[in-house]
Structure formats: C-alpha cells, structure tokens
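Order of the sequence lines sets the chain letters (A, B, ...), proteins ahead of strands, with each chain counted from 1.
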Amino acid sequence: MSAVQRTKTEQGRGEASGDVGRLTWRRIVLVGLAWGIGLLLILVIAFLLGKRSFFWSDVLFFFFVWGGASAAWAIQAGPAGRLSIGHAAYFGIGSYSAAIFQSTLEFSVWLAIPFGMMLAALVGAALELLTGRLHHIYYALATFAFAQLLWLIARAWRGVTRGTAGITVGFDATAGVRELMFTEQAAYVVVAAVPALISVVAYVMVTRSKLGYFIRALRDAPAAAASIGIMPSKWRALTAALSAALTALMGIAFFQNMLFVDPDSALSFHVSINILLPALLGGLNLAMGPIVGAAFIIPLRQWLLAGALGVSVAMQWVVYGILLAAIVLFVPGGLAELVRRTYLRARSRLIARDEERGVQA
Amino acid sequence: MDALIIGTLQGSVYALFALGLAIIFSVMRLVNFAHGDLLTMGMYALVVAGLLGLTPLLTLPVVVVLMALFGMLFYRLLFARSFAAEHSALAQIFAAVGASIAIQNGILQLFGPDTRTTVPIISGGVRISGLGVSWGRFMPILALLMSAGFVWWLFRRTKFGTRVRAVAEDRQAARLVGLNVDRLYQYVTAISFALIGMAAVAIAPLFIIRPLVGFNLVLIAFMAVVIGGLGSIAGGIVGGFVLGYVEAFSATYVSPLWAPGFMYLVFLVVLLVRPHGLLGDPEWNIE
C-alpha cells in the first residue's frame, strides 16, 4: 500500500467515526463515570422502592426484565432491521437452562449463565443463517414459527423439560449470591437490573462500532453494502447471536425470581410480545427507546392488573389490549422519538428566538 | 387409507380457515393476527344462537352479515391507521395483537372459561372403507366449495374483482388510475371477515369451544398461506390441505404428540427452500 493510499484510508476512518464523537480516553472515563453514578443511583432508588412494597418491587423487576430483553431484541431489530417476533425462543432457552441446571443436574445457576447464553447465541446465529434470504413479514413469520416449534418441543420432550407440568426449583433461603436466591424481594430487582443495563450498554456499543455501521448499511442498502465486501450473513448472524445471548441472560434472571418454568410462561407468543413491546412503544432506533417504552407500559400494566379499575381480570386485559392497539397506532416511531422531536422543536424555536433578538440588537 | 381420509377432512378445515386470511394477505399484504379470535367470535355467535334455539342454518346468514359489518369497522379503526404508522408491518401486527387480546378476554368475560359445544347441522354418518365419519365432518368441504366458488367468481368475474386485483398488484398505480384503494381495502376486509364467519359456522361443531380456540389455530392458517404462496388465494387452500395431510400422516405413523412438530417443520422447509410458496409468484414483493 502506498503512502498516499494509506493517508486516504486513515482520513476515511477519521470521518466515519467523527460524526458520533471521537472516543478519547478522557471522554470514555468521563462518560463512564457519569453513567456509573447515574446507574448506581437508579439501583439504590430501585432497591429502596422495592423494599417498600411488593407492588413496586414487581413493577421494577418487570421493568428491568422486559426493558432489558427489549433492548437485547432491539439490537437485532433496530440497526440490523431484522424484526423478529419469536424472541421468546431465546428467553425460553435461558429460563430452561437455569431450570434444568439447578433441578436435574444440580449445578449452580452461575454455570447455567454461560451455557444458556452460548446455546442461545448458537441457535440465534443458526436461525439467522438459515433465514438469511427472508425479509419483512416472511422473516417475522419464520421467527414466530421457530418459537412455536420450541414451545412444542418443551411440551413434548417430557424427559428433559417435564412437559406442561413445568420445572420447579426449590428455594434455598441460605443461598444468597452463591445461587442467586434471596429472601428479600427487592434483591431480584438488582438481579434483573444488571443484565438489563448490560443489554442497553451493548446496544449503544453495537451502534457505535464497526458492526453497527455494517448492519445498518446492510439494512438500508443491502446491494451496495454487499458490493463493497460486507458479508450479510456473517454480520447479521453475529448480531443475532449477541441479541439472543442477552435475551437468554434476561430469561435466566426472570427464572431466578419465579423458580418455575413451563412452556407457556417462557416460550409462548405472549413472551415475545412482552419482549418487543417496550422497544416498539419507545422506539427501535434509539438506545433509550426500550427503557422509555418499558417505563411507560410496565407500571401501567401492573397498575391495571393490580385491580386499579375495579373490574374483573378479563376486563383488565380487554383494556390492556385496546390500549396496546391505540398506542401502536397513534404514536408512530415510538415514545422516545416523540420526546426527541418535541425537544428538537423546542430547541429550534429557542434558537430562532435568539437569532431574532440578535437581529434586533 | 385412514390417514388419507382424515387428512382430507382436516385439510378442508384448515383450508377454509386459511381462505379469509389469504385474501387479506394477498390483497393488502397484511398479517391479521386477530384472525383466529374472529373465528372464536363466530363460534360463540353459534353458541348464543343455540341458547336462543335457532338452528345453525338460520344462524349462518346472520353471522356472515354481522362479521362483514365488523370487518368494515375493524378496518376503519385499526388497519386504515396502521398503513400510516412508521414501522407499518409491526404496527399492523401489534394493532391486531391488541385487538386479539381484547377479543379473547372480552369473550372470557362474557362466557367464562368453561368449554362449550354446538349441535351439528346434520346428525348421522357414513362408513368409508371401514372408517366411520359423521356427516358433520363433511360440512367444511361443502363450505369450502361454496366459499372458494364465491371468491373465484367475485375476483375473476366481476368488475369489483378486477379492481381488487389491480390494487393487489400495484397499490400506487391503482391509486393513480383513480381507484379508491382505501374503500376497496375496507370491502376486502369485510369479505375476509364474512368468510371467517362462514368457516366458524361450518367447523364449530368439530371443536370444543373455548376463548382460545381460534388463537390456537391461527398459526396453522399463517403456515397454510405461506406454504401455498403469498399473493395467491388458491395457495391458501392448497397449503391448508398440505398441512392436513402432514398432520394426519405423522399422527398415524409417528405420534399424535409430534404431529404439530412435523407441520412446523414442513412450514420452515418450504419457507427456506421456496419462500414464495408452492403457488406464489416469485416476483411478488411484500413492500
């Protein structure tokens, strides 16, 4: 490579990373510190709120579980543009790994974490390689059918999964961090918060990395991206593996609180809906989207299901269903996008006002 | 031989159920996740008619008309808006999922979790090569012939059908030549819903009716439509029969427990090897 060419390549790289802010050590330390303090605060508040009532510990636990799983889902759905509606498959792989490791195999849950994540990553990558040709609704239906297939296997393969009876793991009050079992309900909020934060951080890191540029290029201009040597199957499979592994981690965290798993609670379509709903409501293409969406829908749902309206359980779900349809239809692009647009509009109005004053002065 | 007969009978049920979905799918390129719950609604309408002492044959036109009207409303409230949403495919899916949750639980509220049954249109049966088959099992075939004949006539022999096919082929071009796409979509939704009503009346006696009866069947309709070929209405019928035979043969020769597994497997294989389905148009573009 000649000197001229090298300079050009370096310049090209500088430009590519320039628009998201260059990563200097100072910046990394500062941003890391700010996030670290913020997260610690959130965790402390979450723990204290969770200690006060079961309602709040439930709200926070589900907020982190579904918000985190949604962020993991959004890694694939947002930048890669692969809209899976079968992420229950990976959530279920996580939950069942945790259950089988702790019941039948009598291993620690800490061993189930790497196993479940690796298995989900392999399955996710394999499914992505197989379905690489499919797009849009075909892809959505393929992922849906795949999750249903796993649901069916969990029901039928009684020797391993105990079928519809499900698997229960005995609670050990003395276990603590060693087995991730706590008498304090609020501790599970932290158990769910840690993987949720990992998912959000992973989302941000993916969008700022080479992988993020590649998969967005493949999403927006597949032919052009492939022509400059970006392998669609390779990068998409990598994204799918990451998304699947993080979803499985969330499934394990969920299982540790329930200590029970059956095909319906871990692998049904309902789980897939729970996973993608926060991101769908909050916005797929913003890192905060899933969190904003979960912060909105989870308290609302828990409040409804706690009997806020004074109607029967069935009627609560009717209200929830109608709300779901209404939100999806009336808030295009998600809530986070709505907030962002309002902010941008307000800012441009302020700038316009300042400029006007400048002219007058 | 038994598997062949059972497969044909079961296939006709699936084909009948998939027909309404295939129409919406092919014309509007939209997946109606509430499809199964609409079937449940039709079945419960028959339960109500039974309680009122009406015969199923008298109920049929009422259910069909009510479902068609509900379809007009459903389109206006949900589908019409979903086309404007940013991720319109996801908006369509989840608007319908929301409706599905609301319908399931509305039925649960009204009728409770108990299972119900309806009386067959005719009683008695016939023996085919040693296998006893009740006349009620033939109702889906009859209803399928009628529905498919009606759809063929409507789409291939009327001016309305020509317009609908034009819209299905190219929405933008159809709009440019002055077709009211929105109105046509509304009618197509109404026809789809009416066909679900017809299917519900024909197959209700064969099922134990619960609030989730339709939802548990909906994936079969999706699979039938994809196997048969998106964009092809006849494909939905072919896909239904393929699934019926796969189910009957795997249940007879392997195990009834694993029969649905074989159905998923056939579906995934067709999707991977031939994404446009058996009768579908390879050029057909979902966007």
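Contacts of A:L134 with chain B are made by side-chain atoms alone, with heavy-atom separations under 4.5 Å and no backbone atom involved. Looking at B:V273, the atoms closer than 4.5 Å to chain A (heavy atoms on both sides) all sit in the backbone: N, CA, C or O. Both the backbone and the side chain of A:I322 come within contact range of chain B, each with at least one heavy atom under 4.5 Å from a heavy atom of that chain.
Under a cut-off of 6.0 angstrom, the local environment of CD1 in B:I208 is sparse, with at most 12 non-hydrogen atoms contributed by other residues, nucleotides or ligands. At most 12 heavy atoms of other shown residues, nucleotides or ligands fall within 6.0 angstrom of atom CZ in B:R183.
No other option in B:L77, B:L219, B:I93 has as many heavy-atom pairs under 4.5 Å with chain A as B:L219. With respect to chain B, the highest number of heavy-atom pairs below 4.5 Å among A:A77, A:A325, A:A326, A:G132 belongs to A:A325. Most heavy-atom pairs under 4.5 Å with chain B: of the set A:L323, A:L276, A:I85, this distinction falls to A:L276. Chosen from A:G321, A:A140, A:A142, the residue pairing most often with chain B at heavy-atom distances under 4.5 Å is A:G321.
Put simply, CD1 on B:I220 and CD on A:Q148 are 10.5 Å apart, with the number rounded to the nearest 0.5 Å. Interatomic distance, A:I273 CD1 to B:S100 OG, rounded to the nearest 0.5 Å: 7.5 Å. With values rounded to the nearest 0.5 angstrom, A:W317 atom CH2 is found 10.5 Å from B:Q104 atom CD.
Note on residues 68-77 of chain B: pairs passing salt bridge (charged side-chain N to carboxylate O under 4.0 Å, His left out), not counting sequence neighbours, are B:R76-B:D182.
Across A:V318 and B:G106, no two heavy atoms sit closer than the pair CG2-N, 3.3 Å.
Judged as a side chain to side chain donor-acceptor pair (under 3.5 Å), and not counting sequence neighbours, the contacts of A:R301 are A:N274. Among residues two or more places apart in sequence or in another chain, the salt bridge (Lys or Arg N to Asp or Glu O under 4.0 Å) test is passed with A:E128 by A:R82.
Of residues 248-268 of chain B, those residues lying under 4.5 Å from chain A by any heavy-atom pair are B:L257, B:W258, B:P260, B:G261, B:Y264, B:F267, B:L268.
Each of B:F94, B:F222, B:F33 was compared with A:F269 under the ring pair (Phe, Tyr, Trp, His ring centres under 6.0 Å) criterion, and only B:F33 meets it.
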